[in-house]
Amino acid sequence: MIRRALPEGDLCITQHEHALHAGRLAARFAGLPAPREALVRAVALHDAGWPLFDDAPEPLPDGRTPHVFDMETGTTTPAWRRSIAVARAAGPLEALLVSRHFGRFTRAFAAEQAPWEAVWRLGVPPDVEEAGAALVSFCDALSLRLLCDPSESVALPEGFRLDGTRLFPWPFTDDRIEDRVVGRLLPRRKWRSGKELRPALLAAPPHPLPLVLEA
């Protein structure tokens, strides 16, 4: 879950909603190699396993609403594995790209996935794999940068810079992209348990977050 501070409270956005937003960005990317649809699909599915956490959220140890960047390293691997399984149902290339995405975070997970990646890699041209891996990484980072609190330093891949709504260099087919992601708006408070947090999140009003990118 992504937690973004708003004047009215904490906007909670699921990881899968973030991934779908990243997928919409990928769909507008210029110059992708074939199979373009599979590359875009990998981006859109890269966090499809996160309902394991987002559907049953637990507060952070200090009582705050959960936020993906505040979760301890290693605790999220079940969501990683589930995301890869969902991607594998779509195709081996999608599974390979999602697996590589999570393998960047820990050596142990990369080693765990290596035998499967070797199978999924069969028949995939190296340039397609590298283009797909770069696409997942870029769209994931850009979406997180747009959705997270502006005070958080979400790094974009080397060579890219976001100045307000303007992105340099511009990799998309359109000169302007307008979108929105809907989250749930919670009061900013300390939660004593998941049993207290979960019904509050379900009852929280949907809140759209408009997003604009310009060349």
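Between Leu213 and Leu162 there is a side-chain heavy-atom pair separated by less than 4.5 Å. Residues Asp140 and His101 meet the side-chain proximity criterion, which asks for heavy atoms closer than 4.5 Å. The side-chain heavy atoms of Val128 and Leu39, taken from C-beta on, include a pair separated by under 4.5 Å. Using a 4.5 Å heavy-atom cutoff, the side chains of Leu60 and Arg3 are in contact. Looking only at side-chain heavy atoms (C-beta outward), Leu156 and Val154 stay at 4.5 Å or farther from each other. Side chains of Val212 and Arg176 form a contact here, defined as non-hydrogen atoms less than 4.5 Å apart.
Within the model, atoms CZ of Arg188 and CG of Leu6 stand 7.5 Å from one another, a figure rounded to the nearest 0.5 Å. Remark: Lys190 NZ to Asp62 CG distance equals 5.5 Å, nearest 0.5 Å. Taking OG1 of Thr77 as the start and CZ of Phe105 as the end, the distance is 12.5 Å to the nearest 0.5 Å. Taking CD of Glu8 as the reference point, atom CG of Leu185 lies at 5.5 Å (rounded to 0.5 Å). With values rounded to the nearest 0.5 angstrom, Ile84 atom CD1 is found 10.0 Å from Leu96 atom CG. Between the CH2 atom of Trp50 and the NE2 atom of His18 there is a distance of 9.5 Å, given to the nearest 0.5 Å.
Ion pairing between Glu152 and Arg145 fails under the 4.0 Å rule for side-chain N and carboxylate O. A salt bridge links Glu129 to Arg121: one of the charged nitrogens lies within less than 4.0 Å of a carboxylate oxygen.
With sequence neighbours excluded, the residues forming a ring pair (Phe, Tyr, Trp, His ring centres under 6.0 Å) with Phe29 are Phe138, Phe172, listed by chain and number. In terms of the ring pair (Phe, Tyr, Trp, His ring centres under 6.0 Å) criterion, residue partners of Phe109 (sequence neighbours excluded) are, by chain and number, Trp80.
Taking the six-membered ring for Trp, His46 and His16 have ring centres at least 6.0 Å apart.
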Q: Carefully, step by step, assess Val181 and Arg24 under the rule side chain to side chain contact (heavy atoms under 4.5 Å, CB included).
A: CA-CA 11 Å; Val181 171; Arg24 294 193 294 274; 3.9 Å; yes
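For the pair Arg4 (side chain) and Cys148 (backbone), a donor-acceptor distance under 3.5 Å is present. Under the 3.5 Å distance criterion, the side-chain polar atoms of Ser143 are left unmatched by any main-chain donor or acceptor of Cys139. Distance alone, capped at 3.5 Å, is enough to place a donor-acceptor pair between the Trp170 side chain and the Asp174 backbone.
Glu94 pairs in a side-chain contact (heavy atoms from CB on, under 4.5 Å) with only one of the listed residues (Arg41, Arg88, Glu37), which is Arg41.
Between Pro78 and Leu52 the shortest heavy-atom distance is O-CD1, 3.5 Å. The two atoms that bring Ala27 and Arg36 nearest to each other are O-NH2, 3.0 Å, heavy atoms only. Nearest heavy-atom pair across Cys12 and Leu186 is SG-CD1, 3.7 Å.
The aromatic rings of His67 and Phe69 stand perpendicular to each other, their planes meeting at an angle above 60°, with 30° marking the opposite boundary.
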For residues 194-211, which side-chain donor-acceptor pairs fall under 3.5 Å, sequence neighbours excluded?
| residue | atom | partner | partner atom | Å |
| --- | --- | --- | --- | --- |
| Glu196 | OE1 | Arg189 | NH2 | 3.1 |
| Glu196 | OE1 | Arg192 | N | 2.7 |
| Glu196 | OE2 | Arg189 | NH2 | 3.0 |
| Glu196 | OE2 | Arg192 | NE | 3.1 |
| Glu196 | OE2 | Arg192 | NH2 | 2.9 |
| Arg198 | NH1 | Pro57 | O | 3.3 |
| Arg198 | NH1 | Glu58 | OE2 | 3.1 |

